[in-house]
Student: 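Below is a structure I'd like to ask you about.
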Amino acid sequence: MANTEDTNKFERQRQQKLSRIKELGIDPYGGRYDGVEPAKDIKHRFKDGDDTQQAKCAGRIVLLRDIGKLIFITLRDWSGTIQIGLSKSQMGEQWTLAKLLELGDIIGAAGRLGKTKTGEITVWADNVTLLSKSLLPPPEKFHGLSDIDRRFRQRYVDLWANPEVMELFKKRSAIISTIREVLKDSGFMEVETPMMQTIPGGAAAKPFITHHNSLNMDLFLRIAPELFLKRLLVGGMEKVFEINRNFRNEGLSKQHNPEFTMLELYQAYADYFGMMDLTEQIISVLVEKYCEGDHVKFNDETIDFTRPWRRAEYAELLKEYSGCDIDDIASVRAKARELGLGEADTDDAVVINKLFEAVVEDNLVNPTFVIDYPAALCPLTKRKKDNPKYAERFELFIGRMELANAYTELNDPDVQEDNFKTQLRGQEESLATMDADFITALKYGMPPAGGLGIGIDRLVMILAGALSIREVILFPTLRKKTSKE
RNA sequence: GGGAGUGUAGCUCAGCUGGUAGAGCAACGGCCUUUUAAGCCGUAGGUCUUGGGUUCGAGUCCCAACACUCUCACCA
């Protein structure tokens, strides 16, 4: 791998160039460089035929064509690329430096803006500044860096060697900004609640444990912000949201990273139908803004975002895809057994849900709100008034992935306390660990409310066409490198 | 944790049924003032992930370890 003795021979060669540059009295690591214009803007403002135009830019050398007394450089900055032309006759003393430049170096260049014979907009530099000498060889110029492990470990190389990666993360950032705008325009306030909690609650997941020295106590990295955001409802914040990390100590997959970004929001006096409308609205805005049309390609399929999105009852979908009636628990168990889902010593609700996950979820390509979950699976959710077997909850599926989860929040402290005490068999982690202070908060009175969680990483995957969650997280969780370096 | 696959030059990859390692790019030395993955001539670069084994002989076959990928399990 990298950084072995073999690599060092390349590094040594570059070190020698570094020495020669220093001997010329040039600082190889530059400094402040003012007045730089993005490459994209330079190209955009270029007017053909006007040879009085000047330009100044800075970036990394990604291609270099040395034709003797003339050097063409493709410079990449944050906005794109632009060609720099260096000619011996125009550069004078700086020609020595020009000949020492190589792939990967970061330079600044200023001079006349013009075109070459072949029509390429070019900055004919009369001044070149070395801003940072690169000491390691860059990846292959055409294929870029494709070793997937190295791409994630050395994202700093991936980002400039593979421009589409940079574009993806710009898009991610823009998506999150848009979400914030939409919510703020709707009167929501952004808040931050503890990432380190003494009781990990709000979801069924194994937490990471850490320790605080001077308090001498264990803390848990949060698996969800839910119980704190609801405390804010009690406090009188009527529309709150948080976009931040959750941590779950579970397996990794194309859809699971141990730390992932969630939007959670709570709206007083709303319910899960209100959350459905809001979800559809937010995501539709994003599709409109960041996708071409409302039919989005994802994983060789087309997702149809045309509104309104399908709303289907949990029981109805279970019937549709498994043939089982949710109330006929014997047939549900039989089917689960048939599929090898392990239903012994497991509560009915858990078996039903295992079957649902095995049979239904993988079919939901177009946006689908699955509504009215079995109440036993939803300890933090208000039950349906007309049918208390079910809870006022939905999950949104897109592209066979669970993207959002929402419900009418339970605000009855007595029911909540009972739910906390109920432990379902077959479910390793309790859905809701007893949090006495949360019950106390509810006893002061929490307004009826709708709550919504949207998995931001998965949403970005859909909108950007990324098939793995690690493609949309800058530094995904990886195994520690033990061998070599 | 189970299963499948992959690991060869700095990078991207070839290497058939076992006979002692190749290309392109990058590098190094030349030539070249309008190139576009520039071109041409030349040079150098490898404990074929690691450790065992089979064999006269292993990049190639077998076993094990390590890493990565996919997949199943796990997973609001």
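Naming: A, B, ... by sequence-line order, numbering from 1 per chain.
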Student: Looking at C28(B), I'd like to know if its phosphate oxygens (OP1 or OP2) sit under 4.0 Å from a side-chain N or O belonging to Lys17(A).
Tutor: yes
Student: Mind listing the closest non-hydrogen atom pair of Asp50(A) and Gln53(A) along with its distance?
Tutor: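 Scanning both residues, the minimum pair turns out to be O-NE2, 2.7 Å.
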Student: Partner lookup for C66(B), please. Criteria are Watson-Crick or G-U wobble with both distances under 3.5 angstrom; report none if nothing qualifies.
Tutor: G7(B)
Student: Using the C1' atoms only, state how far C74(B) lies from G7(B), rounded to an integer number of Å.
Tutor: 28 Å
Student: Heavy atoms from C-beta onward define the side chain here; which of A26(B), U33(B), U35(B) lies closest to that of Leu70(A)?
Tutor: U33(B)
Student: If I take atom CZ in residue Arg400(A) and atom C1' in nucleotide A76(B), what distance separates them, rounded to the nearest angstrom?
Tutor: 20 Å
Student: Looking at every strand, decide which applies to Leu63(A) at a 4.0 Å heavy-atom threshold: base, sugar-phosphate, or nothing.
Tutor: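 Touches sugar-phosphate only.
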Student: Taking 4.0 Å as the cut-off, does a side-chain nitrogen or oxygen of Ser146(A) come that near to OP1 or OP2 on U12(B)?
Tutor: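 Checking Ser146(A) against U12(B): at least one side-chain N or O falls below 4.0 Å of OP1 or OP2.
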Student: Could you state the atom-to-atom distance from CG of Leu145(A) to P of G10(B) in whole Å?
Tutor: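 About 15 Å, once rounded to whole Å.
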Student: Between the side chains of Gln416(A) and Asp412(A), does any donor sit under 3.5 Å from an acceptor?
Tutor: no
Student: How about Lys88(A) and Lys99(A): do any of their side-chain heavy atoms sit closer than 4.5 Å?
Tutor: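 Result no, sub-4.5 Å side-chain heavy-atom pair not found.
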Student: Answer with yes or no whether the side chains of Gln83(A) and Thr116(A) bring together a donor and an acceptor at under 3.5 Å.
Tutor: no
Student: Would you indicate, yes or no, if G10(B) has its OP1 or OP2 atom less than 4.0 angstrom from a side-chain nitrogen or oxygen of Lys9(A)?
Tutor: yes
Student: Using the C1' atom in both, what is the distance from G19(B) to C61(B), to the nearest Å?
Tutor: 14 Å
Student: Please round to the nearest 0.5 Å and tell me the distance separating atom OH of Tyr373(A) and atom CD of Glu395(A).
Tutor: 3.5 Å
Student: With a 3.5 Å limit on both atom pairs, tell me what C48(B) is paired to, counting Watson-Crick and G-U wobble, or say none.
Tutor: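 Paired with C48(B), as far as the under-3.5 Å criterion goes, is no nucleotide at all.
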Student: Heavy atoms under 4.0 Å, any strand shown: does Tyr407(A) hit a base, just sugar-phosphate, or nothing?
Tutor: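 Base: the residue Tyr407(A), judged by heavy atoms under 4.0 Å, touches a nucleobase.
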Student: Less than 4.5 Å apart, side chain to side chain, heavy atoms only: is that true for Leu233(A) and Leu229(A)?
Tutor: no
Student: Less than 4.5 Å apart, any side-chain heavy atom of Asp105(A) and any of Leu64(A)?
Tutor: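 They are not in contact (no side-chain heavy atoms under 4.5 Å apart), so the answer is no.
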Student: Could Glu320(A) and Arg310(A) be called an ion pair, given the rule that one side-chain N must be under 4.0 Å from one carboxylate O?
Tutor: yes
Student: Just do the side-chain hydrogen bond (donor to acceptor under 3.5 Å, both in side chains) check on Arg60(A) and Ser134(A) with the steps written out, would you?
Tutor: CA-CA 9 Å; Arg60(A) 192 183 293 273; Ser134(A) 173; 4.6 Å; no
Student: Heavy atoms from C-beta onward define the side chain here; which of A76(B), C68(B), A38(B) lies closest to that of Ile148(A)?
Tutor: C68(B)
Student: Are any of Lys254(A)'s side-chain N or O atoms less than 4.0 Å away from OP1 or OP2 of U69(B)?
Tutor: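 The answer is no; no side-chain N or O of Lys254(A) sits under 4.0 Å from OP1 or OP2.
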Student: Classify Trp95(A) by what it touches in the nucleic acid, base, sugar-phosphate, or nothing, heavy-atom distance under 4.0 Å.
Tutor: nothing
Student: Where the side chain of Thr116(A) is defined as all heavy atoms beyond and including C-beta, which of G10(B), U35(B), A76(B) is the nearest nucleotide?
Tutor: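 My answer, after comparing the listed nucleotides, is U35(B).
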Student: Quick check on RNA chain B: between Arg248(A) and Phe72(A), whose nearest nucleotide comes earlier from the 5' end?
Tutor: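 Checking each residue's closest nucleotide, the 5'-ward one belongs to Phe72(A).
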Student: Using OP1 and OP2 only, check whether a side-chain N or O of Arg12(A) sits under 4.0 Å from A27(B).
Tutor: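 For Arg12(A), the contact criterion (side-chain N or O under 4.0 Å from OP1 or OP2 of A27(B)) is not met.
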Student: Measure from CD on Glu250(A) to C1' on G1(B) and round the result to the nearest Å.
Tutor: 16 Å
Student: Pick base, sugar-phosphate or nothing for Ser89(A), based on heavy-atom distances below 4.0 Å to the nucleic acid.
Tutor: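 Answer is base: heavy atoms of Ser89(A) come under 4.0 Å of a base.
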Student: If you look at every strand shown and take non-hydrogen atoms under 4.0 Å, does Glu357(A) touch a base, only sugar-phosphate, or nothing?
Tutor: nothing
Student: Is Arg14(A) touching bases, backbone alone, or none of the nucleic acid, heavy atoms closer than 4.0 Å?
Tutor: nothing
Student: Could you give the NZ-to-C1' distance, from Lys117(A) to U35(B), as a whole number of Å?
Tutor: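 Taking NZ of Lys117(A) and C1' of U35(B), I get 11 Å after rounding.
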Student: Can you tell me if the side-chain N/O atoms of Arg470(A) get under 4.0 Å from OP1 or OP2 in U69(B)?
Tutor: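 Answer yes for this pair, as a side-chain N or O of Arg470(A) is under 4.0 Å from OP1 or OP2.
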Student: When the distance from NZ of Lys99(A) to P of C32(B) is rounded to whole Å, what number comes out?
Tutor: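 Rounding to the nearest Å, NZ of Lys99(A) and P of C32(B) are 9 Å apart.
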Student: Please report, rounded to the nearest Å, how far the P atom of U34(B) is from the CG atom of Leu86(A).
Tutor: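 The distance from CG of Leu86(A) to P of U34(B) comes to 15 Å, rounded to the nearest Å.
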Student: Which nucleotide sits closest to the side chain of Lys69(A): A76(B), C32(B), C75(B)?
Tutor: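 Within the option list, the nearest is C32(B).
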Student: Of the nucleotides U33(B), C11(B), U36(B), which has the atom closest to the Glu120(A) side chain?
Tutor: U36(B)
Student: Heavy atoms from C-beta onward define the side chain here; which of U12(B), A76(B), C32(B) lies closest to that of Pro379(A)?
Tutor: A76(B)
Student: Please state the C1' separation for the pair C25(B) and A38(B) - nearest whole angstrom.
Tutor: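 After rounding to an integer number of Å, I get 13 Å for this pair.
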Student: Would the base of C75(B) count as contacting His256(A) through its side chain, where contact means a donor and an acceptor less than 3.5 Å apart?
Tutor: yes
Student: Kindly confirm whether the side-chain ring of Phe10(A) is stacked on the base of G10(B), judged by centres under 5.5 Å and planes under 30°.
Tutor: no
Student: Using atom CD of Glu140(A) as one end and atom C1' of A37(B) as the other, report the distance to the nearest whole Å.
Tutor: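 Roughly 8 Å, once rounded to whole Å.
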Student: For G39(B), which nucleotide is its Watson-Crick or G-U wobble mate, given both distances must be under 3.5 Å?
Tutor: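 Partner of G39(B): C31(B).
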Student: Determine the Euclidean distance between corresponding C1' atoms of U60(B) and U55(B); express it in Å to zero decimal places.
Tutor: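 My reading of the C1' atoms in U55(B) and U60(B) gives 13 Å.
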Student: Can you check the Asp149(A) CG to C70(B) P distance for me, whole Å?
Tutor: 11 Å
Student: Name the pairing partner of G18(B), where a pair is Watson-Crick or G-U wobble with both distances under 3.5 Å, or state none.
Tutor: none
Student: Return whichever of Gly144(A) or Asp66(A) has its heavy-atom-nearest nucleotide of RNA chain B closer to the 5' end.
Tutor: Gly144(A)
Student: Tell me whether the side-chain N/O atoms of Arg65(A) come closer than 4.0 Å to OP1 or OP2 in C32(B).
Tutor: no
Student: What interatomic distance, in whole Å, is found between C1' of U43(B) and the corresponding atom of A26(B)?
Tutor: 15 Å
Student: Take atom P in C48(B) and the same atom in G30(B), then report the distance between them in whole Å.
Tutor: 33 Å
Student: Taking atom C1' in both C68(B) and U8(B), what distance in whole Å separates the two?
Tutor: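 Looking at atom C1' only, C68(B) and U8(B) are 16 Å apart.
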Student: Please state the P separation for the pair G57(B) and U12(B) - nearest whole angstrom.
Tutor: 35 Å
